[in-house]
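A short worksheet on the structure shown next.
Letters go in sequence order (proteins before strands), and every chain restarts at 1.
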2 protein chains.
Amino acid sequence: MVGHNMTIPNSMDAMLFLTDDQLLQGIELMYFAYKGFTSDPDLILQNYTYGRAHHRAVHFINRRKGLKVSDLLDILGITKQSLNRVLRQLINDGLVESRMGRKDKRERNLFLTDDGEKLERQLSDAQRKRMRSAYRAAGPDAVMGFRLVLEKIMDGEILSGSTKIKEKLT
Amino acid sequence: MVGHNMTIPNSMDAMLFLTDDQLLQGIELMYFAYKGFTSDPDLILQNYTYGRAHHRAVHFINRRKGLKVSDLLDILGITKQSLNRVLRQLINDGLVESRMGRKDKRERNLFLTDDGEKLERQLSDAQRKRMRSAYRAAGPDAVMGFRLVLEKIMDGEILSGSTKIKEKLT
DNA sequence: TAAACTATGTCAGCATTATTGACTTTATAA
DNA sequence: TTATAAAGTCAATAATGCTGACATAGTTTA
């Protein structure tokens, strides 16, 4: 008897990595790895009045210096009301600077201040340290596979969401 | 000039996958892939009064049928008060059954009811579908690398947290 | 130029999911 | 029998998301 949600392997050897159990293991791996992935920055953030949402904002402002508010909204995929709360705190606390657009004065370009860069580095150092040791332990070939699978997992998301994200990533 | 947070490659070829930029790309990849990874179940859950926390509970009760409440707490890494709210709803709604332990009557063993299994399958189908197509597109070697890197990312987390999780995973 | 649209910001209210702390009930162990 | 353990509960609080409504300034278009 084959349940309706069971994968039926056509060629056993080639499809073994696609059995339901393999997929469920991958799903749990994603869950636990993501937990580990965020745990170091989360610990650091406890010393501040900031949370994960602040980390994300700071990360992407650092990576795409001078990006517009609307760009950040597209990247994060949240509402402007949600982002605004976070951004307002960061700006009031002097970690982020919001400069009026030069071409279009309605736009605001976002930058990290020196203090903002300090926090970004602190968070990034912790997260990169874990990634580096994982990459090193797994080796270059594994890293290629890791990246490839993650890109494929993203793919559907990007198509169904904002198409601009892919450009922003690279 | 080399900043204090720059990786200094010893042998250029071998270390290229460990540059700060490569690591930051990996970090963003994790972020976006996780978003995609949760997006399908999240959509389904909007038709119910449930959220991601319910999904997790249902997933692990299905995967480790009859597990104790304390096991679930260890796996999820949340407080019993947080879990209790979610579990109470699932039990009241008839998706989860809580049976008194046979050896130790203080313990409660958790099971999905038929309705619980129905929901689990619905959520799991969506998530596995995305994983399957990603795995298929990336190929078996990439999947091996993917799994290896995720395990390494987890490692630190497990050591610093509940050691029992690793047993529970396999 | 006047009207429509765009980018940003803000207020208020609400939902989900997490936290801490205090306490109860029941059952097992010392 | 007293101490410990597993589970459940109440109350208060926090972070982060949402919707809806609205304001202000600047740009486009008719």
*Could you tell me whether the phosphate oxygens of C:dT8, OP1 or OP2, come under 4.0 Å of any side-chain nitrogen or oxygen in A:S70?*
yes
*Looking at every strand, decide which applies to A:R52 at a 4.0 Å heavy-atom threshold: base, sugar-phosphate, or nothing.*
sugar-phosphate
*Send over the distance from A:K105 NZ to C:dG9 P, rounded to a whole Å.*
17 Å
*Classify the nucleic acid contact of A:H54 as base, sugar-phosphate or nothing, counting any heavy atom under 4.0 Å across all strands shown.*
sugar-phosphate
*Could A:D42 and A:R52 be called an ion pair, given the rule that one side-chain N must be under 4.0 Å from one carboxylate O?*
yes
_Distance check needed: C:dT8 P versus A:L67 CG, whole Å only._
10 Å
*Whole Å only: how far is the CG atom of B:L83 from the P atom of C:dT16?*
17 Å
_Between P of C:dT19 and NZ of B:K80, the distance in whole Å_ = 13 Å
*Are B:R106 and C:dT24 close enough that a side-chain N or O sits under 4.0 Å from OP1 or OP2?*
no
*Does a distance-only test, which skips hydrogens and angles, find a donor-acceptor pair under 3.5 Å between the side chain of B:Q81 and the base of C:dG21?*
yes
*Considering only side-chain heavy atoms of B:V69, which listed nucleotide, D:dG26, D:dG8, C:dT20, is closest?*
D:dG8
*Closest approach of B:Q122 to B:Y48 (non-hydrogen atoms, all atoms of both residues)*: NE2-OH, 2.8 Å
*asked:* In this structure, how many angstroms lie between the C1' atom of C:dT16 and the CZ atom of B:R88, rounded?
replied: 15 Å
*Relative to A:Y31, does B:R56 satisfy both conditions: NZ or CZ under 6.0 angstrom from the six-membered ring centre, and within 45 degrees of the ring's axis?*
no
*With a cut-off of 6.0 Å (strictly less than), are more than 12 heavy atoms of other residues, nucleotides or ligands near CG of A:N47?*
yes
_If I take atom NZ in residue A:K103 and atom P in nucleotide C:dT8, what distance separates them, rounded to the nearest angstrom?_
13 Å
*Stacked cation flag A:R130 on A:F37, 6.0 angstrom / 45 deg*: no
*Hey, does the side chain of A:R85 come within less than 4.0 Å of C:dA12's phosphate (OP1/OP2), counting only N and O?*
no
*Length of the line joining B:D71:CG and D:dA7:P, which is rounded to integer Å*: 8 Å
_Using heavy-atom distances to pick each residue's nearest nucleotide on DNA chain D, tell me which of A:R102 and A:S82 is more 5'._
A:S82
_Please determine whether any donor N or O and acceptor N or O are separated by less than 3.5 Å between the side chain of A:E107 and the base of D:dG26._
no
*When the nearest nucleotide of DNA chain D is assigned to A:D104 and to A:T49 on a heavy-atom basis, which residue is associated with the more 5' position?*
A:T49
_From CD1 of A:I78 over to P of D:dA15, roughly how many Å is that when rounded to an integer?_
15 Å
